[in-house]
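Let me begin by presenting the structure, written as structure tokens, before commenting on it.
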Amino acid sequence: MIDLRSDTVTTPSDEMRRAARDAEVGDDVYGEDPSVNELERRAAEIVGTEAALYVPTGTMGNQIVARVHAERGQEVLVERESHIYKWELGGLSQHAQLQVRTLDGGDRGVPTPAQIRAEHVEEDLHRPGTGLLTLENTHNAKGGVAIAPERIDAAAEAARDLDVPVHLDGARLFNAATHHDVPAERFVESVDSVMFCLSKGLGAPVGSMLAGDEKFIERARRTRKLLGGGMRQAGLIAAPGVAALANRDRLSADHENARELAAGLDAVPGLAASEPETNIVLVDTSGAGLSAEEFLDAAERRDVLGTAFGEHTVRFCTHLDVAREDVEAAVRRIRDELR
Ligand SMILES: *Cc1c(COP(=O)(O)O)cnc(C)c1O
């Protein structure tokens with residue numbers, strides 16, 4: 001099976017399993033798990049913030065952020081295809097009790113300063129005020145596009161001028177950094193908090209990180225506890241996370257594989273795939289007269305898996321457990337099956 005559904009399907013390497021087995025642990029709710037503490041220290045160092053917090057999932061990380069930054073009843077500005085809005089069960093309204101205002105970030109999924117100023121709501125007797133802006137990089141729904149640091153800066157500056165805090169959903173932050181060939185911290189300079197996933201392209205079995213200044217992380221730690229995310233001997237899952245951080249350097253291999261996959265599929269009659277920037281490939285199946293589901297059924301008959309991302313759009317994701325030969329085989333098998 002060539003599993004290209006998501007970069008979350010990677011299984012932990014031998015090195016990660018060893019790290020889990022040998023991890024020094026303690027009770028992390030007491031702040032006494034050395035492996036968690038090491039992971040949090042390393043993560044903060046890598047993204048250039050004062051502190052970081054280990055969270056079980058990226059979704060919990062994003063939801064914690066909304067509670068910490070914004071007050072009940074305020075509005076949050078989100079891109080209309082963003083994960084925090086679309087794929088987290090409406091958690092912004094359920095957990096933080098925020099009202100969502102969506103912005104169309106265009107083909108790169110990032111709102112302009114003018115849009116942010118236009119949609120910002122000033123608090124008064126009738127209006128709740130804007131309490132948060134969220135950005136996403138890379139942008140999943142837009143095909144893993146890597147937004148340039150200058151565009152993050154511009155959006156964040158517009159928000160800051162309005163006294164609105166900014167959160168960056170950087171589930172795939174290091175893919176963006178790899179594409180632009182800049183250190184990840186460059187994307188974090190102008191925002192108040194960032195979340196990134198260890199369990200995606202970096203290959204850890206569990207977990208994501210939240211990072212920001214000490215005051216933010218202190219409040220985030222309390223909110224994590226509130227949501228039931230205070231974990232005990234979590235070093236067992238945090239230690240593989242430390243090992244995963246070393247995989248930042250190999251993401252370019254996933255990006256090359258994605259380009260190869262896109263070029264191969266684009267050459268198949270009836271399929272269209274534009275050149276990806278990172279590890280996500282979107283394929284338009286309409287030219288083949290197939291819906292995304294029909295196309296995926298055909299691919300699965302040849303042991304290739306992807307995800308439907310729209311009526312005629314399929315997403316394939318390259319990752320740690322996909323080699324160049326797998327990509328070539330996937331293209332060959334899909335070409336043969338559609339013939
Ligand atoms: C995967 C993802 C998340 C959530 O991470 P989980 O660990 O699956 O909860 C958040 N934002 C984006 C952009 C993602 O791709």
Side-chain angles (χ1 to χ4, degrees), residues 4-12 39 43 47 52-67 76 78-92 94-96 100 102 105 108-111 132-147 152 166-179 184 187-188 191 193-211 220 223-224 227-229 231 234 237-238 240-241 244 251 254 258 276-282 306-307 309 315-320:
L4 302 166
R5 285 173 302 168
S6 174
D7 46 8
T8 57
V9 301
T10 53
T11 53
L39 175 62
V47 295
L53 179 73
Y54 185 47
V55 287
T57 64
T59 300
M60 190 190 280
N62 281 341
Q63 295 299 324
I64 287 171
V65 163
R67 287 262 329 195
V76 50
V78 298
E79 205 284 321
R80 61 188 293 265
E81 299 293 330
S82 63
H83 193 284
I84 197 169
Y85 169 59
K86 236 184 137 176
W87 302 108
E88 300 184 15
L89 288 163
L92 292 173
Q94 301 214 50
H95 298 300
V100 166
T102 59
R108 302 196 63 80
V110 55
L132 178 64
L133 166 72
T134 70
L135 303 169
E136 184 175 313
N137 201 13
T138 64
H139 198 297
N140 181 21
K142 302 294 183 184
V145 292
I147 297 161
I152 299 285
V166 184
H167 172 61
L168 177 61
D169 176 347
R172 298 185 178 83
L173 179 69
F174 300 109
N175 295 90
T178 299
H179 175 76
F187 294 92
V188 181
V191 301
S193 59
V194 64
M195 182 279 286
F196 66 85
C197 292
L198 300 169
S199 59
K200 289 186 172 163
L202 303 184
V206 182
S208 294
M209 303 306 301
L210 266 185
T223 306
R224 183 186 67 173
L227 297 181
M231 298 177 285
I237 47 175
L251 292 172
D254 294 346
E277 292 180 4
T278 59
N279 68 327
I280 292 175
V281 176
L282 297 184
T307 305
F309 238 48
R315 186 189 78 168
F316 290 118
C317 232
T318 56
H319 53 77
L320 198 54

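Computed from a prediction, not measured in an experiment: that's the story for all the values here. In each ligand, atom 1 is the first atom listed, and ligand 1 is the first ligand listed.
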At under 4.0 Å between heavy atoms, what of Asn62 touches ligand 1? The answer is side chain

Check: Lys200 N/O within less than 3.5 Å of ligand 1 N/O: yes

Give the intermediate values and the outcome of side chain to side chain contact (heavy atoms under 4.5 Å, CB included) for residues Arg172 and Asn279. CA-CA 9 Å; Arg172 298 185 178 83; Asn279 68 327; 4.0 Å; yes

Should the heavy atoms of other residues, nucleotides or ligands under 6.0 Å from CZ of Arg108 be counted, would the total exceed 12? yes

Give the ring-plane orientation class for Trp87 versus Phe309, where under 30° counts as parallel, over 60° as perpendicular and anything between as tilted. parallel

If we only count N/O pairs under 3.5 Å, is Ser199 in contact with ligand 1? no

Evaluate the side-chain proximity of Thr138 to Glu277: yes if any heavy-atom separation is below 4.5 Å, no if none is. no

Does Met195 reach ligand 1 with a nitrogen or oxygen that is under 3.5 Å from one of the ligand's nitrogen or oxygen atoms? no

Nearest-option assignment for atom 12 (C) of ligand 1, heavy atoms, candidates Gly207, Gly144, Ala171: Ala171

Protein contact of atom 6 (P) of ligand 1 - nearest heavy atom, named by residue and atom, plus distance: Gly58 N, 3.5 Å

Using a strict 4.0 Å cut-off to heavy atoms of Thr57, name the atoms of ligand 1 that fall inside it. 7 (O), 9 (O)

Hey, is His139 touching ligand 1 through its side chain, its backbone, both or neither, going by heavy atoms under 4.0 Å? neither

Quick one: do Tyr85 and Val76 satisfy side chain to side chain contact (heavy atoms under 4.5 Å, CB included)? Show the steps, please. CA-CA 10 Å; Tyr85 169 59; Val76 50; over 6 Å; no

Any N or O of Asp169 closer than 3.5 Å to N or O of ligand 1: yes

Run the numbers for me: atoms of ligand 1, each under 4.0 Å from some heavy atom of Glu136, listed by number. 13 (C)

Considering all heavy atoms of both residues, which atom of Glu79 and which atom of Gly105 are nearest to each other, and what is their separation? OE2-N, 2.6 Å

Check each atom of ligand 1 against the heavy atoms of Glu88 and keep those under 4.0 Å away; list them by number with element. 10 (C)

How far apart are the closest heavy atoms of Pro240 and Ala204, and which atoms are they? O-CB, 4.3 Å

What's the shortest distance from atom 10 (C) of ligand 1 to any protein heavy atom, and which residue and atom give it? His83 ND1, 3.2 Å

Check Ile147 against Phe187 and note the closest heavy-atom contact, atom names and distance. O-CE2, 3.1 Å

One residue to check: Cys197. Relative to ligand 1, which of side chain, backbone, both or neither has a non-hydrogen atom less than 4.0 Å away? side chain

Atoms of ligand 1 less than 4.0 Å from Thr59 heavy atoms? 4 (C), 5 (O), 6 (P), 9 (O)

The single option from Glu136, His95, His167 that satisfies side-chain hydrogen bond (donor to acceptor under 3.5 Å, both in side chains) with Asn62 is His167

Looking only at distances, please establish whether an N/O atom of ligand 1 is found under 3.5 Å from an N/O atom of Thr138. no

Note: Val9 and Ser6 closest approach over all heavy atoms is CG2-O, 3.2 Å

Check for me whether Met60 has a heavy atom closer than 4.0 Å to any atom of ligand 1. no

